[in-house]
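Just so we're on the same page: letters track the sequence lines, and every chain starts at 1.
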Amino acid sequence: MKLSIEQQAAVNCIGNAYITACPGSGKTRALTARIAKNVQELKHRNNKVLAVTFTNRAANEIKSRLEENYTIESGRIWAGTIHSFALEWIIKPYASYSPPLNAGYSIADEFETRKILNKLKADKGLRVFDEINTTFNRQGVVENSDRRAKEVEQEYRHILKSRKKIDFDQSLYFAFQLMELIPEIAHTLSNIFSNICIDEVQDTQDLQYAILAKIFNESFHKPTLFIVGDGNQAIYGGIGGKSLSLAELNAEFIGSNINYFTFSDNYRSTQRLVDYFSVFRGVQGGLSKAEHKNNQGIISFFNQAVDKDQLAEAIAELIKGELNNGSSENDICVIAPQWAPIRSMTKKLIALLPNVRFDAPALSPFHGQHDNFWLIVSKLALTEPSGRLLSVRVRWANEILNHLSDVYHHTSELTAKKLLKVINSFQSETRIGTEYLKECFEFMLDELDLDLVSDVALKEQFDLFFEKATSNIENNNGQYEDSVVALKSFFKESTGIVVNSCHGVKGEEYKTVIAFGLLKGFIPHWSDIINQPAYVGQNAESKMLYVIASRAKEKLYLFAEYGRRTQGGNPYETSNLLNAYSYQYD
DNA sequence: TGGAATAGAGTTTTT
DNA sequence: CTCTATTCCA
């Protein structure tokens, strides 16, 4: 992969590196190059490179870029979210030493935790949207200034404990606790991982820094650090994401003496776009220069000019125009700050443009079940063994094998190849999606000599999987369709116009970006406005707008649509910053 | 009846 | 927090 001089300097830097740079300057490109370089330079057979980020989407981005640009033996690198790292490398192997975990545990998913919290809030006379903090800091303290919020949090922990469940926050805290209790964990990890790479570091939480720093600080042979981020894109502050300065990183990773780099060139967008979105940038970083000299392209803002009921038609027209002008479906992305309007938009767009393909993850009836064993199996069941999916399917098959051996303690000589062969040979007449999957799972269990009667955990996952999917299908006014064709279309090679949340497309780029819902209360969210000093809302707002506008390479269409109403019936207004930004729009 | 005090509306992103 | 509507009281 070709690197600029700035990027090469960072990638080839001896020692530790911290890079902050503007969007589109090739931070992730440099990171993947560094990972590949690190892998080549690994000294011992058992050494690995660790690459962590905050979201699954960002982790998958790293994996795909590595797969596309380099040939790396899969065992030489571990890439994923910090949560999954803590689970796989600390909690699972050492759970028996942890007092809260040694009696057994499983992970509570979002459905369960939200249900418990909502019930407790109602009992205490709090409203569903009153905020309850559940994140631990490194002292193990969960800060809630409100008395009732604190009580809710404590009772919530009791309920989880009685069910032998841990939530996402506890998975991090117990991992950190274990590392404090047993220094050998950090020693072992630092012996395995000779390099630690962190992408999108501005979204990392306090406890996550603490875990990574512990590995570094306790090690005898210091791993090298390669840390990449952009404080101006820190849009996870609301859930504890924290951007650190170079000095703070140096203090965290003791004696790391990190070299600082920044990239000044933008390889993504036209100069006109770079100038446009630079206005939303905070204090960090200088002006960036676009490599593309052309000032063509479009920046449009439909400020209260389109009614929300005509919005889908307007966006469909834009899409049609783009496609007629030679853009491909993969060049276009439609984003909004919240999922609810995205779902209805997706549905309308699909109806309006029946021949256009969309990549819209929100339509899966399985969302919220990432960790379910059967979700991975259904990915295989619903995809064809061809094209780019070939290598991805092998990855999924290996995940299934890992689950079977680690979580369910099956010791068989099953290989990924055999598993794929079994699932590929499954055939069924049914057109009903969930029925098709059920048949396929039973076929697979049968072929592999497994059965649900003797395996309680696998059975529990099996039941939950269908229970939640069915509930999604039944309760959402037909948004989710239970047909084999619909389910297959969800997992098929992700091509088509991306429809996603602003958070979801962070780190990605598109020739044409169409953003809607740019309204005060969405951008920034009410919780950044209510009971907050004005600067909190302004910061949150400029970061979100910065992320949104900087996704675009050539064309940016912005909508602050008219006609959306709050629960009380008041109209939503254009987001403050956009309203105040005087710009010569097309 | 005018000015001050109080109440109410506005509710997401991710693991 | 900010904006608006309502209530309170002299």
Side-chain angles (χ1 to χ4, degrees), chain A residues 52-60 80-88 91 107-114 117-118 121 126-136 165-175 200 202-208 211 233-242 335-343 361-362 367-372 500-507 515 517-541 543-545 547-548 564-573 575-576 579:
Chain A
V52 288
T53 66
F54 182 63
T55 65
N56 279 313
R57 217 178 151 99
N60 287 333
T81 61
I82 307 189
H83 280 93
S84 48
F85 171 76
L87 269 179
E88 189 170 331
I91 296 222
I107 306 290
D109 65 19
E110 196 205 329
F111 283 83
E112 188 172 6
T113 56
R114 206 178 43 204
L117 282 170
N118 283 348
K121 283 179 194 172
L126 293 169
R127 293 159 300 178
V128 278
F129 41 78
D130 281 324
E131 213 163 294
I132 310 288
N133 179 24
T134 55
T135 53
F136 293 83
K165 291 275 173 72
I166 62 172
D167 67 4
F168 288 119
D169 300 307
Q170 284 171 315
S171 68
L172 290 178
Y173 181 59
F174 292 151
E200 305 274 13
Q202 74 280 355
D203 299 328
T204 308
Q205 302 169 349
D206 179 67
L207 205 45
Q208 301 176 327
I211 288 171
Q233 296 183 68
I235 54 176
Y236 287 102
I239 50 169
K242 202 168 75 169
I335 46 178
Q338 293 186 11
W339 277 110
I342 294 171
R343 292 216 182 88
H367 75 91
Q369 311 206 52
H370 305 286
D371 290 325
N372 193 306
N500 211 307
S501 74
C502 308
H503 290 77
V505 296
K506 197 148 153 283
L518 307 176
L519 303 161
K520 183 186 165 194
F522 294 169
I523 295 187
H525 185 263
W526 292 117
S527 69
D528 284 327
I529 300 170
I530 300 166
N531 299 323
Q532 299 282 355
Y535 73 88
V536 172
Q538 281 160 17
N539 276 345
E541 183 177 359
K543 283 171 179 170
M544 287 190 79
L545 290 171
V547 168
I548 290 168
R564 283 200 197 280
R565 311 231 156 230
T566 64
Q567 282 182 352
N570 296 316
Y572 269 94
E573 286 161 9
S575 102
N576 281 339
N579 208 29

Colleague: Kindly write out the residues that satisfy salt bridge (Lys or Arg N to Asp or Glu O under 4.0 Å) with A:Asp167, not counting sequence neighbours, or none if the list is empty.
Modeller: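 Testing A:Asp167 for salt bridge (Lys or Arg N to Asp or Glu O under 4.0 Å), a comparison that skips the adjacent residues, returns A:Arg157.
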Colleague: Would you please name every residue forming a salt bridge (Lys or Arg N to Asp or Glu O under 4.0 Å) with A:Glu200, sequence neighbours left out?
Modeller: A:Lys506
Colleague: Taking the six-membered ring for Trp, are A:Phe174 and A:Phe136 parallel (under 30°), tilted (30 to 60°) or perpendicular (over 60°)?
Modeller: tilted
Colleague: Find every protein N or O atom lying less than 3.5 Å from an N or O atom of nucleotides 6-8 of chain B, and list the pairs.
Modeller:
none

Colleague: Could you work out, with salt bridge (Lys or Arg N to Asp or Glu O under 4.0 Å) as the rule, every residue matching A:Lys543, not counting sequence neighbours?
Modeller: none
Colleague: So, A:Gln208 side chain and A:Ile82 main chain: donor-acceptor pair closer than 3.5 Å or not?
Modeller: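 No, because the side chain of A:Gln208 does not come within donor-acceptor range (under 3.5 Å) of the backbone of A:Ile82.
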Colleague: Scan nucleotides 10-15 of chain B nucleotide by nucleotide, 5' to 3', and note B when protein non-hydrogen atoms come under 4.0 Å of the base, S if they reach only the sugar-phosphate, - if neither.
Modeller: BBBBBB
Colleague: Can you give the donor-acceptor pairs under 3.5 Å from side chains of residues 127-134 of chain A to other protein atoms, not counting sequence neighbours?
Modeller:
{"residue": "A:Arg127", "atom": "NH2", "partner": "A:Asp130", "partner atom": "OD1", "Å": "3.4"}
{"residue": "A:Asp130", "atom": "OD2", "partner": "A:Arg127", "partner atom": "N", "Å": "2.8"}
{"residue": "A:Asn133", "atom": "OD1", "partner": "A:Thr135", "partner atom": "N", "Å": "3.0"}
{"residue": "A:Asn133", "atom": "OD1", "partner": "A:Thr135", "partner atom": "OG1", "Å": "2.7"}
{"residue": "A:Asn133", "atom": "ND2", "partner": "A:Glu143", "partner atom": "O", "Å": "2.9"}
{"residue": "A:Thr134", "atom": "OG1", "partner": "A:Asp169", "partner atom": "OD2", "Å": "2.7"}

Colleague: Under the criterion side-chain hydrogen bond (donor to acceptor under 3.5 Å, both in side chains), I'd like the reasoning laid out for A:Thr81 against A:His83: C-alpha separation, chi angles, the key distance, then a yes or no.
Modeller: CA-CA 5 Å; A:Thr81 61; A:His83 280 93; 5.1 Å; no
